[in-house]
Amino acid sequence: MLDMKYIRQQPDEARRRLQARGESAERIDELLALDERRRALVTEEETLKAQRNAASKEIGALMKAGKQADAEARKNEVREMGERIAQLEQQTRDADAAFDDALLHLPNLAHSSVPEGKDAADNPEIKTHGAKVEFGFKPKTHLELCDELKLVDFERGTKLAGSGFLLYTGWGARLERALIQYLLDLHVLEHGYTEVSPPFMVNAECMVGVGQFPKFLNQAYAVQEGLDTTTLGKRYLVPTAEAPVANMHREEILRQDELPKNYCAYSPCFRAEAGAAGLQTRGMIRVHQFDKVELIKIALPQDGYAELEKMRANAERPLQELGLHYRVVLLCTGDMGFAAAKTYDIEVWAPGQGSYLEVSSVSNTEDFQARRMRLRYKTTDGANHLPHILNGSGVALARLFVSLIETHQQADGSIAIPAPLQPYLRTDCIRR
RNA sequence: GGAGAGGUGGCCGAGUGGUUGAAGGCACAGGUUUGCUAAACCUGCGUAGGGGUUAAACCCUACCGGGGGUUCGAAUCCCCCUCUCUCCGCCA
């Protein structure tokens, strides 16, 4: 959620920055109009309330003094005032709702270091690590490897839950589990994050807090208890651990010396991908459920961008250790997610696909999410401020799995396991 | 699912219709005393919105889980909802 004071004070700048994100600048003017209407109603309502409060106090004094007749006369006056106030209250409520709805639908504005651009084609590549693997043989795709080594049973995954759901089997299941454990250990033991294991469902408030709702409600899986339709929408399967973890301190006031908070969490991620084009019935690139280890930071505003760089380095680390080739791109204004002010995407090379796969998105949302969830911190002199909230995948698993097996496949069809993973998998090679 | 208890400021905890935004305590900030630390004492200290100011000061409104109602006036009375806790049942 954007700062309305900023929009009121710098409307031209807000218009320009919103436009850079591919949104219509008119939305600022709509918002300003709604804000003005809202404030006019509030002012009128509060003036009347002040009069009523004063009159009520007088009535109390009159009654105490025994002047019943005078008190009754005043009561009649005030009663009429009450009717007008009730009308205004209703109008204010409606105006507030319209204003809030408009504000909640506006995306975050980009940080000044973010390049302007229209879409992914305008994202500058800022770094590459390693090089595309060369094979002395024709490399297989992850689909072939999964079939031959029986790592994933795509048909049965579909049988169990429908297309876009995976059934890992044998070494595939063990590899998935090993990767989760490896990633958690890396971030917790070596990068100093505090591990949390959150609920895999959250309420709607959490979804609003991180910016998933109201705009992307159709992307979520809404849960219902049995056939009781009144419970539909009370909870949603998490699209990412960011939803529960970033909201851990929602509506709290943290002490400045508690920051930064660094959290790391594993969760499965559920995404309906409504309307997404090209959802493959086979393959692991785009699915409705995948595993992910997520990093979350709550930081002082002045530290937000330094923490973003740290987090990006933390997210890159496992790719380096696993011997994977990847690149980092800086998302341009037109390609960023709704809540982000600045985002790095980390894309890992998948030789069988002949393309880079996004395995991590590392963002600073600045105070956008904090304002939505009313999360603040108190400085030592007692002032409340909004912290920066950062999130980053560290990393997404299904695609990491693809890159890993495609990269480390060998001529005989087996897969070499990189050293850091061997203790978790208790083997150095997966073969039939 | 059944029965009961309860949601008050950063925390604990008083408060059953009229200067109660809310006693008291803790925590926190500033100060005094003091070899240091500690202790004691004094002072300050909720959140949000609107108005106001160069900025403050200041003024107003709302908020005691949420929403309605009664009333001139509600933390306080009534109704609904919600969440938490305890016991029972069921269950991984």
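Quick caveat, the model's predicted, so the values are computed rather than measured. We use all heavy atoms of the structure for the numbers below, so side chains are in, but hydrogens, waters and symmetry mates are not. Within every chain, numbering begins at 1; the chains are lettered A, B, ... in the order of the sequence lines, protein sequences first and strands thereafter.
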**Report entry** Interatomic distance at P, B:G46 relative to B:G21, whole Å
**Finding:** 15 Å
**Report entry** Note: A:Arg84-A:Glu80 ion pair, threshold 4.0 Å (strictly below)
**Finding:** no
Requested in this report: Please determine, for B:U32, whether a Watson-Crick or G-U wobble partner exists with both distances under 3.5 Å, and give it or none.
Outcome: B:A40
Query raised in the report: Under 4.0 Å: is that the gap between some side-chain N or O of A:Arg93 and OP1 or OP2 of B:G68?
Result: yes
Query raised in the report: Does any donor atom in the side chain of A:Gln90 or A:Asp94 lie under 3.5 Å from an acceptor atom in the other side chain?
Result: yes
Report task. Tell me what A:Arg8 touches on the nucleic acid: a base, only sugar-phosphate, or nothing, going by heavy atoms under 4.0 Å. Result -> sugar-phosphate
Query raised in the report: Hey, is the side chain of A:Lys234 poking within less than 4.0 Å of OP1 or OP2 on B:C83, counting only N and O atoms?
Result: yes
Requested in this report: Could you work out the separation of B:G17 and B:U53 based on their C1' atoms and round it to a whole Å?
Outcome: 39 Å
Query raised in the report: Going by distance alone, is a donor N or O of one side chain under 3.5 Å from an acceptor N or O of the other, for A:Tyr344 and A:Glu309?
Result: yes
Query raised in the report: Over how many whole Å does the gap from A:Arg255 atom CZ to B:G46 atom C1' extend?
Result: 17 Å
Query raised in the report: Counting side-chain heavy atoms from C-beta on, which of B:A62, B:G10, B:G50 comes nearest to A:Arg38?
Result: B:G50
Report summary line: In whole angstroms, the gap separating P of B:U61 from CD of A:Gln91 amounts to 20 Å
Query raised in the report: Looking across every strand, which nucleic acid part, if any, lies under 4.0 Å from A:Asn76 by heavy atom: base, sugar-phosphate, or nothing?
Result: nothing
Report task. Considering only atom P, compute the distance from B:G13 to B:C26 and round it to an integer number of Å. Result -> 15 Å
Query - RNA chain B: 5'-proximal contact among A:Arg376 and A:Asp35 (nearest heavy atom) - result: A:Arg376
**Report entry** Interatomic distance where CG belongs to A:Asn53 and P belongs to B:U71 [whole Å]
**Finding:** 17 Å
Query raised in the report: If each of A:Met63 and A:Thr47 is mapped to the nucleotide of RNA chain B with the nearest heavy atom, which maps nearer the 5' terminus, i.e. the 5' end?
Result: A:Met63
Report summary line: Here the distance between atom P of B:G67 and atom CD of A:Gln90, to the nearest Å, is 13 Å
Report summary line: pair_partner(B:U86), Watson-Crick or wobble, both distances < 3.5 Å, evaluates to B:A3
Query raised in the report: Using purine N1 to pyrimidine N3 plus N6-O4 or O6-N4 for Watson-Crick, or N1-O2 and O6-N3 for G-U wobble, both under 3.5 Å, which nucleotide pairs with B:A75?
Result: none
**Report entry** Short side-chain donor-acceptor distance under 3.5 Å, A:Gln320 and A:Tyr326
**Finding:** yes
Query - Pairing partner (Watson-Crick or G-U wobble, both distances under 3.5 angstrom) of B:A56 - result: none
Requested in this report: Can you tell me, in whole Å, how much space there is between the P of B:C59 and that of B:A40?
Outcome: 35 Å
Query raised in the report: Do the side chain of A:Ser393 and the main chain of A:Ser361 share a donor and acceptor less than 3.5 angstrom apart?
Result: yes
**Report entry** Separation of atom CZ in A:Arg52 from atom P in B:C72, rounded to whole Å
**Finding:** 11 Å
Query - C1' gap between B:C90 and B:A5, integer Å - result: 23 Å
Query raised in the report: B:U8 and B:A92: how far apart are their P atoms, nearest whole angstrom?
Result: 36 Å
**Report entry** Complementary nucleotide for B:C63 - Watson-Crick or wobble, under 3.5 Å
**Finding:** B:G46
Query raised in the report: Can you check whether A:Arg271's main-chain N or O pairs, donor with acceptor, with A:His288's side chain at less than 3.5 Å?
Result: yes
Query - C1' gap between B:C58 and B:G69, integer Å - result: 36 Å
Requested in this report: Would you mind reading off the distance between A:Lys75 atom NZ and B:G18 atom P, rounded to a whole angstrom?
Outcome: 13 Å
**Report entry** Spacing of A:Glu46 atom CD relative to B:U61 atom C1', expressed in whole Å
**Finding:** 4 Å
Report task. Have a look at A:Lys378 and say if it touches a base, only the backbone sugar-phosphate, or nothing, with a 4.0 Å heavy-atom cut-off. Result -> sugar-phosphate
Requested in this report: Look at A:Lys49 together with A:Glu89 and state whether they make a salt bridge at an N to O cut-off of under 4.0 Å.
Outcome: yes
Query raised in the report: Quantified in whole Å, what is the C1' atom distance between nucleotide B:A74 and nucleotide B:A62?
Result: 14 Å
Query raised in the report: Which is true for A:Ala50 with a 4.0 Å heavy-atom rule: it touches a base, it touches only sugar-phosphate, or it touches nothing?
Result: sugar-phosphate
Query - Rounded distance (Å) that lies between atom C1' of B:G51 and atom CD of A:Glu45 - result: 15 Å
Query raised in the report: With respect to the phosphate group of B:C72, does any side-chain polar atom (N or O) of A:Arg79 fall under 4.0 Å of OP1 or OP2?
Result: yes
